[in-house]
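Here is the structure we will look at, set down as structure tokens.
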Amino acid sequence: MKALRTKAKLISGLVTISTVFVLALVMLTSPAGAQRKMIQIKGSDTLVNLVQILAEEYMAKKPGVAIAVLGGGSGTGITALINGTCDIANHSREWKPKELDLAYERGVKPRIFAIAVDGLSVIVNDKNPVNSLTMAQLGSLFRGEIKNWKQVGGPDLRVSLYGRQSNSGTYVFFQEHVLGNKNYSPDVKEMNGNAQIIESVTQDVAGIGYVGVGYLFDESGQLRKGIKVLKIKKDEGSPEYSPLDKEAVYSARYPISRPLYQSTNGKPSGNVADFIRFILSPEGQAIVEKEGFFKIGKELMAENEKNLR
């Protein structure tokens, strides 16, 4: 698995999108592009850097198109699509029933596209001797039921928890699939994005957090210094798997894998449809893999093609 091309992975969401936003703004204010509508993309912080790079590549091929990519969390993107303030919502979780209800009330008919696959990765400080956890242990840690690392074979240190804010799709996905829809511990330190979690864990020997797999590597393709990626197993009797194992993620043997999505209001058309087709093309999916995530499989691609028609 290769690295993200820039150090933007370690910058908070709104800063990481500045390149695309400034480029798009210049295009819109130039004489040739003054009347062109900018494609507005908002949402998932897990996706923001990947979609930024995809947008840069697409705009290089289509100089008449302007794209602005903003983060803020999956909930923010979905709300923006419902309110008509973006063309594409990035989200790392599925829509909630109440969001779908509100969308239909307002005449918004979401079309959902899986654009990448993520092995949600659990990280600890590289000085922590713990190498793997069961799903039950991981849930107990983030619910606050396990408070000391010695309870899972680690050092006699109080566990220090790092997570995301509640508007994050990763927060919701982790709560549903790891915590069993129970509450997070009140001791979880809520970070603005993946980069902040990584930075915090590297500086905290007792730290543990969860991040998208695409954020684990530096610009040279090496695992970021100061962190260890834990292997996860479904239960004590099951084998353990790493999110760095592509086949384990694709086969769902790694138990915290998930698709990453974009949504539009109804069938996309024009430049919006063309950009989504670019992301789903072999060229776009090669960028997905180059940036540390996984390409989507045949079943998801078939569903995407149906939603584009």
Side-chain angles (χ1 to χ4, degrees), residues 1-13 15-20 44-61 69 71 90 92 114-128 130-132 162 164 170 191 193-204 207-232 240-251 253-254 256-260 278-297:
M1 188 176 302
K2 295 185 179 180
L4 297 164
R5 282 182 303 191
T6 68
K7 295 184 179 180
K9 286 288 185 180
L10 291 182
I11 307 174
S12 62
V15 176
T16 63
I17 56 82
S18 59
T19 302
V20 171
S44 167
D45 288 309
T46 299
L47 275 169
V48 66
N49 291 302
L50 171 61
V51 176
Q52 173 188 345
I53 290 167
L54 287 162
E56 289 172 345
E57 294 289 340
Y58 181 78
M59 287 191 292
K61 297 168 71 71
V69 184
N90 290 335
S92 60
I115 66 167
V117 174
D118 181 22
L120 189 59
S121 306
V122 180
I123 59 169
V124 296
N125 188 278
D126 64 356
K127 295 183 175 62
N128 191 326
V130 172
N131 294 311
S132 68
Y162 295 91
R164 296 293 307 281
T170 305
M191 304 284 106
N194 294 270
Q196 286 192 0
I197 292 176
I198 289 175
E199 184 67 20
S200 298
V201 171
T202 62
Q203 298 178 17
D204 186 349
I208 181 171
Y210 52 85
V211 297
V213 68
Y215 286 76
L216 296 176
F217 300 92
D218 62 22
E219 63 278 4
S220 63
Q222 302 300 308
L223 187 69
R224 293 192 182 279
K225 292 181 179 180
I227 62 171
K228 179 195 294 186
V229 182
L230 295 185
K231 294 180 178 179
I232 305 296
E240 59 191 29
Y241 294 100
S242 167
L244 307 182
D245 181 343
K246 179 188 298 187
E247 293 306 317
V249 173
Y250 278 140
S251 65
R253 286 175 294 178
Y254 179 72
I256 331 177
S257 57
R258 59 177 179 167
L260 302 174
F278 168 74
I279 295 173
L280 300 178
S281 71
E283 182 181 358
Q285 289 296 290
I287 294 170
V288 166
E289 282 208 315
K290 188 172 184 179
E291 301 310 318
F293 292 95
F294 301 98
K295 295 189 294 187
I296 58 175

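Since this is a predicted model, take the numbers as computed values, not measurements.
Rounding to the nearest 0.5 Å gives a distance of 11.0 Å between CG of Asn131 and OG of Ser242. Between the CD1 atom of Ile115 and the CG atom of Leu47 there is a distance of 5.0 Å, given to the nearest 0.5 Å. Interatomic distance, CD1 of Ile287 versus CD of Glu56, reported as 10.0 Å (0.5 Å rounding). Note: Ile123 CD1 to Ile208 CD1 = 9.0 Å, rounded to the nearest 0.5 Å. Thr202 contributes atom OG1, which lies 10.0 Å from atom CZ of Arg224 (distance to the nearest 0.5 angstrom). Going from atom CD of Glu57 over to atom CD of Glu283 covers 7.0 Å, rounded to the nearest 0.5 Å.
For Ser251, the side-chain hydrogen bond (donor to acceptor under 3.5 Å, both in side chains) criterion is met by Arg253, not counting sequence neighbours. Take Tyr58 and apply the ring-ring contact (aromatic ring centres under 6.0 Å, His included) test, not counting sequence neighbours, and it matches Phe275, Phe278. Qualifying ring-ring contact (aromatic ring centres under 6.0 Å, His included) partners for Tyr241, counting only residues two or more places apart in sequence or in other chains: none. Residues that satisfy the side-chain hydrogen bond (donor to acceptor under 3.5 Å, both in side chains) test with Lys231, not counting sequence neighbours, are absent from this structure. With sequence neighbours left out, the salt bridge (charged side-chain N to carboxylate O under 4.0 Å, His left out) criterion links Lys225 to no other residue. For Asp204, the side-chain hydrogen bond (donor to acceptor under 3.5 Å, both in side chains) partners two or more places apart in sequence, or in a different chain, are Ser160, Tyr162. Legend: residues meeting side-chain hydrogen bond (donor to acceptor under 3.5 Å, both in side chains) with Gln203, ordered by chain and number and at least two apart, are Glu199.
No side-chain heavy atom of Pro243 sits less than 4.5 Å from a side-chain heavy atom of Ile256. Side-chain contact between Asp45 and Gln196 is absent, with no heavy-atom pair separated by less than 4.5 Å. Here the side chains of Leu280 and Ile296 are in contact, with some heavy-atom distance below 4.5 Å. In this structure, Thr170 and Arg258 have side chains that are in contact, with non-hydrogen atoms separated by less than 4.5 Å.
Of the options Asp126, Ile197, Leu216, a side chain to side chain contact (heavy atoms under 4.5 Å, CB included) to Ile227 is made by Leu216 and by none of the others.
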- Task: Applying side-chain contact (heavy atoms from CB on, under 4.5 Å), run through Tyr215 and Asn49 and close with a yes or a no.
- Result: CA-CA 9 Å; Tyr215 286 76; Asn49 291 302; 2.9 Å; yes
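Closest non-hydrogen pair, Leu120 versus Gly212, comes out as CD1-N, 4.1 Å. When all heavy atoms are compared, the tightest approach of Val201 to Gly209 is CG2-N, 4.0 Å. Val288 and Phe294 make their closest contact through CG1-O, 3.4 Å (heavy atoms, listed as atom of the first residue, atom of the second, distance). Between Val117 and Phe293, the shortest heavy-atom contact is O-CB, 3.7 Å.
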